[in-house]
Amino acid sequence: MITCKIFGEPIETDAVCDELETISYVDASKDLHSDEDIIFNGAKSFLKFSYPLLKDDIVYGLGETMGGINKRGRSYVSYNTDDPHHRDSMKSMYGAHNFFVIDGETSVGYFFDSPARITFDVDVENSCRVDVTVETLDLKLYNIVGESAYDVTKQFLNIIGRSFVPPLWAFGYGQSRWGYKNHKDIDEVISNYQKVGIPLDYVCLDIDYMDRYIDFTVNEKRFPDMKEYVWEKKRTGIHLVPIVDAGIKVEPGNETYETGVKNGFFSTNEDDNPFQAAVWPGMTHFPDFFQKEAREWFGNEYHKLTDLGFEGFWNDMNEPSIFYSEYSTKQSRLDQALDFLMPSRAEKKEGSKNNSYHDYHHFYHKVEKKRMCHHDVHNLFGAFMTRASGEGLQKLLPNRYLLFSRSSYIGAHKYGGIWTGDNHSSFAMLRQNLIHMASLNMCGFLYTGADTGGFGGNCSRELMLRWLAFSDFTPLMRNHSAIGTKKQECYRYKRTDDFKRVIALRYRLLPYIYSEFMKALIHKDMYMKPLGFVYPKDEKARRVEDQLMVGEGIMIAPILEAGETHRSVYLPEEMVHVRFDGENFYEDVMPKGDSLITVPLNEVVFFIRKDHSIVVTRHLSMNTAQLDLRDVKPIGYDVDYDQYIDDGYSKLTN
Ligand code: GLC
């Protein structure tokens with residue numbers, strides 16, 4: 001049962017599909033008792049809500065946030081933020097995913113559908129409450145009652161609609177790095193992977209492929225014939241995936257800029273002129289993604305890239321990230337740079353307002369014919385960029401496209417996936433990646449993954465192998481790192497055979513991964529789940545924070561600690577323990593309960609659920625173009641596996 005309480009006049013966020021019979025709508029404004037439910041805060045009033053928690057309740061959800069699978073004991077703030085210091089105490093990340101489920105004797109979910117800033121205090125200081133403060137009086141609040149956390153989540157996934165459908169090649173292994181300058185650098189990456197026999201499906205092009213970081217342009221000195229180059233690579237089974245940033249360079253002669261200005265498609269400042277802020281290309285204007293016409297125009301701009309043969313894109317800097325603006329100084333940029341170099345400096349400033357936060361109060365959008373301050377609709381900006389790109393690409397390309405964004409809001413999953421932003425090379429970030437996968441899947445973001453190996457910092461051989469062994473199971477499997485860090489392509493490390501073994505598992509498992517992903521997508525289900533969703537009656541399974549279910553048949557328990565080759569695993573039922581040594585799968589049955597497993601650095605271990613089987617390819621392919629989804633063998637229990645197969649590129653028809 002789903003009820004939607006409407007407070008004030010909320011704007012359309014595109015998160016929940018229209019007019020669903022399963023939802024009953026209630027006008028709730030008249031229920032407000034100002035002293036209990038409204039916080040008067042100077043000129044603005046906020047809504048507040050409070051839900052009691054029982055001692056053993058688990059709170060699941062909130063998507064891309066720090067903290068555990070169980071969100072108790074912390075505060076989270078939905079206010080999309082570009083902050084590369086993913087420290088434990090951080091409250092806001094790149095996305096706003098305002099859905100959580102309280103699961104215990106009863107299971108109930110809440111979705112706070114508003115693009116405003118929202119704070120979730122989840123059992124902070126053992127308050128035994130979830131306290132939510134919404135910084136607006138306009139809100140749709142969905143309330144979902146179900147039989148279990150999983151049931152509530154499935155009802156939620158049903159109302160927010162089907163996830164975007166990536167092509168099969170997007171499930172291959174991808175290499176990326178900020179710093180690849182020209183076609184020679186890209187060729188070197190591809191040939192080095194080929195030399196060591198590690199499969200590869202795509203290489204990402206970061207900002208250096210553009211002419212002075214101007215969106216929808218190509219630097220012709222670096223890539224003299226981009227169209228021929230893109231097609232040449234595609235013929236060898238490698239896709240190139242360019243980045244697109246949110247800001248459009250202010251420069252006469254830049255066609256995108258000129259058309260945007262002429263048509264009033266940019267966000268405006270207090271004087272109603274296009275708002276100016278500096279990002280990579282220098283001063284830029286931000287498209288006003290809240291206007292339908294501006295979205296259509298921006299989405300169509302991708303034709304400048306699809307005409308060259310590109311079929312995959314990553315959208316970045318779309319919180320939006322601002323270095324400085326007409327309202328804030330370059331000093332702030334320096335301040336940010338110092339924070340990046342000295343994380344302890346940033347740590348001390350926790351809670352203080354950063355540069356972008358100040359700027360967000362100084363620009364405006366046309367939202368449903370109203371003029372609204374960016375701050376009040378902030379959390380939708382990146383999502384609406386994804387919406388613009390996705391809708392554009394659906395028209396421009398006859399087949400599926402790949403798209404993943406940094407910033408997001410629930411609803412954007414219909415147009416593209418996300419990656420979890422600028423993490424760093426540490427085992428703590430690998431663990432966070434696992435947690436994110438569970439809670440993002442609850443919000444419809446099935447196609448997601450982190451920068452494998454870490455974006456900032458230097459990735460050790462051990463960390464890269466352990467991270468790859470986890471990323472083997474995430475739909476987006478991309479190795480990405482920042483300029484200035486130690487280069488982390490797999491062939492740069494000693495004994496590359498070990499990397500080949502770990503990535504080989506991904507390619508051998510692809511028929512299962514693709515099948516389970518597509519089944520979850522079609523049935524509006526989760527691809528990766530916390531154990532408590534599958535074993536809700538098993539109190540021990542409900543408390544597991546470092547294992548996940550992958551599809552219907554697999555459970556994983558990756559090594560998440562430095563220097564470890566053993567770990568304890570909890571099996572909620574008897575399972576087949578599978579070891580993969582790069583060539584062969586070794587299976588043995590393990591009983592329900594706690595076990596200690598050994599996982600050498602060059603092996604991957606996973607489990608197949610009781611009475612389930614999976615399929616793996618018989619041979620290793622070097623990319624998905626060479627992969628035959630039908631040439632498979634079963635492993636696990638002696639039952640049939642119901643495999644979903646399609647051509648991997650045609651659009652889904654229903
Ligand atoms: C941002 C992105 C990162 C990218 C860099 C340069 O930090 O998050 O992935 O490499 O910008 O474009």
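Quick caveat, the model's predicted, so the values are computed rather than measured. We count ligands from 1, going down the list as the structure has it; atoms in each ligand are counted the same way.
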Listing by chain and number, which residues have a heavy atom under 4.0 Å from ligand 1?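 The answer is W178, D206, I207, I243, W280, W314, D316, M317, R406, W419, D422, F455, H480, counting any residue whose heavy atom sits under 4.0 Å from ligand 1.
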Does either side chain, that of T256 or that of D215, offer a donor lying less than 3.5 Å from an acceptor on the other one?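 The criterion, which ignores hydrogens and geometry beyond distance, is not satisfied for D215 and T256.
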Taking atom types as modelled and ignoring hydrogens, do the side chains of Y173 and N479 form a donor-acceptor contact shorter than 3.5 angstrom?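 Yes - a donor-acceptor pair under 3.5 Å links their side chains.
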Tell me which pairs pass side-chain hydrogen bond (donor to acceptor under 3.5 Å, both in side chains) where either residue lies in residues 423-432, with sequence neighbours left out.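 Non-adjacent pairs meeting side-chain hydrogen bond (donor to acceptor under 3.5 Å, both in side chains): R431-E561.
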Just checking F275 against H362, ring centres under 6.0 Å apart?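 For F275 and H362, the ring centres are not under 6.0 Å apart.
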May I ask you to check whether Y94 and H86 place their ring centres under 6.0 Å from each other?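 That pair passes the under 6.0 Å test.
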Looking only at heavy atoms, what is the nearest atom pair of R212 and P281, with distance?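 Smallest heavy-atom distance, with atoms named: O-CB, 3.7 Å.
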